[in-house]
Amino acid sequence: EVQLQASGGGLVQAGGSLRLSCAASGLSIDNYVIGWFRQAPGKEREGVSSIRGGDGSTYYVDSVKGRFTISSDNAKNLVYLQMNSLKPEDTAEYYCAAIRGSPNLEVVTTHIRYDYWGQGTLVTVSS
């Protein structure tokens with residue numbers, strides 16, 4: 001059974017940083033694309049970033065490019081999202097998700113085309 005557990009959210013002031021972690025079980029991230037999407041209250045889900053476990057390729061949506069960094073520790077089946085220079089508009093529930101194989105990262109990220117996702121972790125950025 002595939003399980004994805006996101007953690008690391010919290011309350012931070014604008015300009016601050018947080019690192020989210022995604023612990024994956026029931027799969028090997030070597031064979032998956034792992035990504036993050038978020039949903040703010042009253043808003044639609046928004047893709048954030050993804051990483052191809054097999055070769056480390058990454059993709060970021062424009063709103064987080066240059067501020068967020070996605071990385072993976074394949075030996076531990078962990079994926080991280082380092083979030084710097086946080087803005088109030090980054091406030092949302094953040095979810096990690098997975099899709100098997102090597103699909104196009106831009107398509108997966110922007111259209112949130114994942115097969116699995118877990119419970120989210122709340123990030124609140126105060127102004």
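This structure is a prediction, so every number in the text was calculated from the model and none was measured.
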State, with a plain yes or no, whether a side-chain heavy atom of L20 is found less than 4.5 Å away from one of W36.
yes

V48 side chain reached by T109 side chain, heavy atoms, under 4.5 Å:
no

Apply side-chain contact (heavy atoms from CB on, under 4.5 Å) to residues E106 and H111 and explain how you reach the verdict.
CA-CA 8 Å; E106 179 176 359; H111 296 282; over 6 Å; no

In Å and rounded to the nearest 0.5 Å, what is the [atom1] to [atom2] distance from [X] to [Y]?
| X | Y | atom1 | atom2 | result |
| --- | --- | --- | --- | --- |
| Q82 | L18 | CD | CG | 8.5 Å |
| M83 | R19 | CE | CZ | 11.5 Å |
| L4 | S25 | CG | OG | 7.0 Å |
| S102 | N31 | OG | CG | 8.5 Å |

Closest non-hydrogen atom pair, [X] against [Y]:
| X | Y | result |
| --- | --- | --- |
| S85 | S17 | N-OG, 4.4 Å |
| Q119 | A6 | O-CB, 3.7 Å |
| S126 | L11 | CB-CD1, 4.4 Å |
| E46 | S63 | OE2-OG, 3.4 Å |
| P103 | V33 | CD-CG2, 3.7 Å |
| A98 | L27 | CB-CD2, 4.1 Å |

How are the rings of Y95 and F37 set relative to one another: parallel (under 30°), tilted (30 to 60°) or perpendicular (over 60°)?
parallel

Report the relative orientation of the aromatic rings in Y32 and Y116; use parallel for angles under 30°, tilted for 30 to 60°, perpendicular for over 60°.
tilted

Find out if a path of hydrophobic residues (ILVMFWY) with successive side-chain heavy-atom gaps under 4.5 Å connects I29 to I99.
yes

